[in-house]
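What you see is a predicted model; the values in this text were computed from it and never measured. Residue numbers run from 1 in the order of the sequence given.
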Amino acid sequence: MLRKVVQDGLIARKGSSRGVVTLAIRREDPSRVWERRAPLTPEDVAELKRKRPEVDVLVAPCHRRVFRGEEYVKAGARLTTDFRKADIIMGIKEIPLPELPLPASVFQLTSSHPSLLPSTDGPSPHINPAATHLMFSHTHKGQEYNTPLLSRFVAPTSSSSGVDAVYPRLIDYELLTNERGERTVGFGWFAGAAGVLESLSSLAHSHLSHGIASPFLYTPRPHSSGSFRKCIEQLKEIGRVIKEQGTPEPLGPVIIGVTGSGNVSKGMLDTLAHLPVQHITIEELDALVRNPDVDRRKIYVLHARPNTYFERIDGDPYSREDYYKHPDMYRSVFHDKIYPYLTLLLHGAGWAPGFPRLVTNAQLPSVLAQADALGGLRGRNVGDVSCDIGGALEFLTHSTTLSDPFYTVPNTPVQMMSVDILPTSLPLEASESFSERLMPYLHSLISSTSGKYKGKEYNPEKDGYGKALEEATVASGGKLKERHMWLQKNVDGFYAGLVNPCASTSTSVTSASTPASTPEAQASPSTTSTLSQATEVEAKKGDATPAKKRILMLGSGMVAKPAVDMIAATPGIELVIASNSLEELQTLTRGKEDSMRYRVADVSDPEAYVHLVEESDVVISLLPVAFHPKVGELCVKHGKHLVTASYISPQMKQLDEAAKAANVLLLNEIGLDPGIDHCSAIALLSQIRASPSSEVVSFTSFCGGLPAPDAAEVPLKYKFSWRPAGVLSAALNSARFKINGEMRVIPGESLLKSSFPRVPVSGATFGLEGLANRDSMVYCDTYGLDDGKMRTILRGTLRYPGFAQLMQAFKDLGLLEQSAKVTLNSWTDLLQQAMLVRHKDTALLHDLVPSQDLPVVLDALTWLGLLPSEGTAQRWPSGPHTPALPKDPQTPLDLFAHLLATKLRYNEGERDMVVLSHEIVSRNPSNPSLETVHTSTLISYGSSPSEVTKHLGGTAMARTVGIPVAIAALAVAEGKVASHVKGVVGPMDHSVYTGC
């Protein structure tokens with residue numbers, strides 16, 4: 001059989017070399033009862049034969065398909081199950097494994113597994129092993145249930161390269177996109193359209209069970225209606241009845257909520273448009289429901305956009321780009337603002353692990369209580385077209401079928417329609433649309449296969465569709481494409497498991513960690529496998545080997561890479577990373593698979609990673625500050641130590657007694673500032689105190705993250721490596737410090753005016769200015785300083801000269817105002833609007849800015865795009881274009897921050913810089929006039945990174961935060977921190993700042 005497989009592959013390749021290209025349409029998996037779609041219609045087959053006579057079209061007989069075999073024969077195709085000469089094989093869903101030839105190089109590995117061998121009596125027992133397959137494969141996201149299918153296209157790492165030619169090529173429809181990255185071939189619109197009809201039918205049954213008959217009882221179910229056109233005709237008739245008679249009085253206004261912004265939601269809205277709909281906003285919901293005279297001859301539709309129900313946990317405005325970069329910083333208020341008012345929720349928005357859920361299980365009871373108080377059977381009916389099991393709607397427990405389309409969520413009155421194959425209920429229209437969209441790609445694939453196009457040599461460089469097909473290729477010639485190389489370990493694990501079932505145990509974490517886009521993958525039992533299973537296997541290999549210490553890292557952002565590199569290189573340590581970003585996890589772990597593993601988890605939900613905490617010795621939290629206390633609670637509960645780089649918050653401080661009682665260390669403030677500044681200050685103070693003839697009388701410390709001097713030719717001489725809103729808000733903080741024996745309290749209103757114009761730093765070849773940083777006096781206790789003897793104690797932030805002066809002007813002009821929201825028609829509106837918010841009446845810019853500062857302020861405003869340029873010369877090199885205007889009203893500060901995030905971002909090739917400087921003055925108590933100045937300075941430059949490597953930790957900020965965190969976590973794991981140091985602490989103990 002092995003020889004026959006290779007021979008068949010050679011025969012097939014010889015056939016295509018003659019210029020004839022054979023295209024085959026296979027039969028769909030017989031187990032998919034309702035799957036009637038086809039990738040190519042008979043009409044398009046006829047058109048293809050007319051334009052491309054060199055193409056031979058084969059069609060596998062199927063009596064379930066929406067198009068009859070005779071229609072394909074009439075179009076010029078041949079009915080057959082012999083695909084040995086097929087160059088291109090098309091289907092809709094995954095090809096059943098027994099119908100796919102086994103690659104010769106792995107035949108011996110699987111010969112003991114008959115279920116994986118090619119079929120001898122199936123519909124397509126003869127298939128070219130080197131063909132190109134097109135399908136929705138559900139393999140490129142690492143879905144474990146489809147790893148056996150992926151393995152038919154990918155050789156194990158251990159296989160010989162000499163058999164690569166007999167591997168088929170896999171192209172996934174889901175990866176076909178245009179130049180904007182938008183999917184071009186799919187069934188989303190039809191899922192939305194069919195989902196509306198199924199959901200309205202489900203709604204009617206739910207209402208009938210409560211004794212209410214509504215016009216929606218007559219909603220057509222698409223799979224039994226013959227055509228979508230007939231469905232729409234019936235839906236229009238229902239609309240006519242509603243328009244004349246209204247909806248039942250007990251229901252009040254019927255409000256349908258729609259989520260999503262892609263083709264699915266468009267299909268929903270287009271279908272609902274055939275009813276007498278009136279579109280409403282969130283602000284209208286409450287009054288509409290409570291209005292006793294509401295017009296029930298309408299259906300009220302609310303299209304809820306993400307910016308209306310997702311909000312940042314720190315209060316900053318929603319930004320789509322920021323949401324996808326930092327989903328952990330967002331939470332949903334859908335359960336409070338929208339869901340209780342809805343008669344029917346049509347959910348069409350996508351979701352992935354790590355992103356906030358629309359409604360959680362914990363929120364559902366309060367939703368229903370609020371909905372019951374409003375009346376009208378609200379909150380009880382959902383059509384989840386996205387069908388993410390346990391996903392955005394956490395209470396979705398399973399998908400349904402067209403035979404049994406809805407169910408009641410256990411222990412609730414909520415009825416769910418969750419059919420996961422909705423487009424198959426409109427097989428005719430869905431196939432026609434799909435075929436039309438696929439045809440340009442098919443022409444390109446045929447040309448690349450034959451090497452000819454319209455009688456001429458095919459030039460792939462001039463074929464945009466060919467490039468898109470290459471991007472959509474998951475594997476070819478037995479090798480994964482570069483963007484999918486991370487899947488190789490899944491394939492290797494699968495084949496290793498066939499030879500030795502125990503060998504694949506260690507791959508379970510990686511396999512389970514990948515976000516699944518299908519219900520089957522998310523419901524897979526493997527997703528609940530634990531790390532402890534792998535540990536048990538390793539332990540059995542030899543009791544003499546000491547058990548590895550396990551460090552869990554929560555978060556995978558900018559500072560993670562240096563920490564990962566250090567920990568992964570440490571013998572005896574196993575690192576596990578949990579994050580909501582699969583891309584970041586794959587990048588961080590590449591090349592380190594032997595010493596680390598990863599899990600994709602919703603880091604905003606402690607339940608998603610609590611089992612990882614239980615299985616670890618030390619936890620590192622690189623999550624936003626607001627999440628640290630909850631991580632701390634879990635660590636205390638399960639007896640695990642914690643390391644963070646953030647300041648000790650009041651919430652974290654409250655865990656101190658519980659942590660001590662549990663013998664747990666919650667080590668904070670171990671990054672740069674706070675972190676390195678503490679350790680270096682305490683180390684320097686310890687050296688000074690070692691001499692009995694020295695007492696400290698002055699402590700000054702400044703720290704700042706800045707662009708390197710060669711990257712600072714911009715207004716403010718500053719670039720943003722973290723949230724601009726945070727930098728702007730910091731300019732409004734009050735400060736308290738002591739200088740030359742005088743206690744000074746600076747209100748936030750005056751902070752910028754009270755800057756230190758010159759801060760000397762040893763070794764710096766550039767000038768710096770400083771701003772006082774909050775309350776310096778609390779550090780007397782931190783550092784063991786005698787307040788009564790200290791003439792100066794000051795901690796501050798470093799900036800380049802001119803920062804405070806220009807930022808003060810921006811403040812005077814109202815750009816830092818947060819007291820009101822404004823709406824802009826253009827960026828040049830912002831200045832006038834901000835001035836009105838701050839000064840309440842018309843004010844002139846020239847009256848608000850000192851005359852000596854005016855030239856640089858005007859130039860800065862022009863450079864930023866807040867004033868027309870009018871062709872004036874610029875004192876700085878031109879910068880990035882202004883970003884798109886936010887659509888929603890925002891405060892001047894938020895708008896300004898949004899602008900600065902684009903205009904003052906780091907460009908490719910630019911470096912950042914970290915500067916930390918301590919100056920401590922000591923004196924001899926017996927001779928007070930004899931003083932000694934002690935200094936400690938750190939100046940660290942980032943590498944010259946590209947946009948990619950910048951994320952990977954090439955910046956100075958990433959190193960100076962990530963490396964201290966790693967050192968601290970290793971010290972804790974290896975027992976180098978004194979046993980008495982427990983509870984909530986910073987790095988002040990001698991065993992911490994020396995052990996770390």
Side-chain angles (χ1 to χ4, degrees), residues 192-224 231 234-235 238-239 241-242 245-259 268 271-272 275 277 285 289 296 298-302 334-335 338-348 358-359 361 363-387 392-420 422 425:
V196 167
L197 298 173
E198 291 290 349
S199 299
L200 290 176
S201 175
S202 171
L203 176 72
H205 283 79
S206 173
H207 287 165
L208 193 64
S209 70
H210 288 86
I212 303 171
S214 80
F216 293 121
L217 271 174
Y218 306 104
T219 301
R221 297 195 61 202
H223 73 282
S224 58
C231 292
Q234 182 62 24
L235 192 63
I238 293 172
V241 172
I242 292 173
Q245 303 175 13
T247 53
E249 184 178 359
L251 298 179
V254 172
I255 303 176
I256 299 177
V258 176
T259 64
M268 292 177 178
T271 305
L272 289 171
L275 296 171
V277 302
L285 282 173
V289 170
R296 291 183 287 103
K298 299 176 180 177
I299 301 298
Y300 298 91
V301 175
L302 169 68
F334 191 91
H335 68 286
I338 300 174
Y339 188 15
Y341 298 94
L342 302 182
T343 310
L344 172 65
L345 167 59
L346 293 172
H347 179 54
L358 201 67
V359 182
N361 289 339
Q363 294 166 345
L364 188 58
S366 65
V367 169
L368 295 174
Q370 187 178 347
D372 287 345
L374 294 170
L377 297 176
R378 303 188 185 282
R380 294 173 178 238
N381 284 277
V382 177
D384 193 342
V385 180
S386 294
C387 204
L393 301 177
E394 191 177 15
F395 49 90
L396 175 63
T397 58
H398 63 276
S399 60
T400 57
T401 67
L402 292 173
S403 304
D404 191 11
F406 53 82
Y407 73 99
T408 301
V409 177
N411 303 314
T412 79
V414 178
Q415 184 164 296
M416 301 284 293
M417 189 295 299
S418 53
V419 175
D420 64 349
L422 286 165
S425 64

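Between Tyr300 and Val289, every side-chain heavy-atom pair lies at or beyond the 4.5 Å cut-off. Thr259 is listed as a side-chain neighbour of Leu345, based on a closest heavy-atom distance under 4.5 Å. Using a 4.5 Å cut-off on side-chain heavy atoms (C-beta onward), Ser201 and Pro220 make no contact. Side-chain contact between Leu272 and Val258 is present, with at least one heavy-atom pair separated by less than 4.5 Å. Looking only at side-chain heavy atoms (C-beta outward), Leu200 and Met417 stay at 4.5 Å or farther from each other. Residues Leu197 and Gln234 form no side-chain contact, since every pair of their non-hydrogen atoms from C-beta on lies 4.5 Å or further apart. A 4.5 Å side-chain heavy-atom check between Leu342 and Phe334 finds at least one atom pair inside the cut-off.
Residue pairs satisfying the salt bridge (charged side-chain N to carboxylate O under 4.0 Å, His left out) criterion with at least one member in residues 193-213, sequence neighbours excluded, are listed as follows: Glu198-Arg221.
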Is there a side-chain contact (heavy atoms from CB on, under 4.5 Å) between Glu394 and Leu364 once you walk through the steps? CA-CA 9 Å; Glu394 191 177 15; Leu364 188 58; over 6 Å; no
Test log, rule side-chain contact (heavy atoms from CB on, under 4.5 Å), inputs Tyr341 and Gln370: CA-CA 9 Å; Tyr341 298 94; Gln370 187 178 347; 4.0 Å; yes
For side-chain contact (heavy atoms from CB on, under 4.5 Å), just list the numbers for Phe395 and Thr412, CA-CA rounded to whole Å, side-chain angles, deciding distance to a tenth of an Å, and then say yes or no. CA-CA 10 Å; Phe395 49 90; Thr412 79; over 6 Å; no
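Within the model, atoms NE2 of His335 and CG of Leu358 stand 10.5 Å from one another, a figure rounded to the nearest 0.5 Å. Between the CE atom of Met268 and the CD1 atom of Ile256 there is a distance of 10.5 Å, given to the nearest 0.5 Å. Interatomic distance, Phe216 CZ to Leu235 CG, rounded to the nearest 0.5 Å: 7.5 Å. Atom CG of Leu377 and atom CG of Leu344 lie 12.5 Å apart (nearest 0.5 Å).
A donor-acceptor pair under 3.5 Å links the side-chain atoms of Arg378 to the main chain of Leu251, judged by distance alone. At distances below 3.5 Å, not a single donor-acceptor pair connects side-chain atoms of Thr247 with backbone N or O atoms of Ser214. Of the possible polar contacts, one joining the Tyr339 side chain to the Gly379 backbone as a donor-acceptor pair under 3.5 Å is found.
Residue Gln415 is tested with Ser202, Ser199, Ser209 for a side-chain hydrogen bond (donor to acceptor under 3.5 Å, both in side chains); the sole match is Ser202.
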Which atom pairs, one a donor and one an acceptor, fall under 3.5 Å between side chains of residues 401-409 and the rest of the protein, sequence neighbours left out?
unit_1: Thr401; atom_1: OG1; unit_2: Ser403; atom_2: N; d: 3.3
unit_1: Thr401; atom_1: OG1; unit_2: Asp404; atom_2: N; d: 3.2
unit_1: Ser403; atom_1: OG; unit_2: Trp34; atom_2: NE1; d: 3.2
unit_1: Tyr407; atom_1: OH; unit_2: Thr397; atom_2: N; d: 2.9
unit_1: Tyr407; atom_1: OH; unit_2: Thr397; atom_2: OG1; d: 3.0

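Remark: Gln245 engages Val241 in a side chain to side chain contact (heavy atoms under 4.5 Å, CB included) (not counting sequence neighbours).
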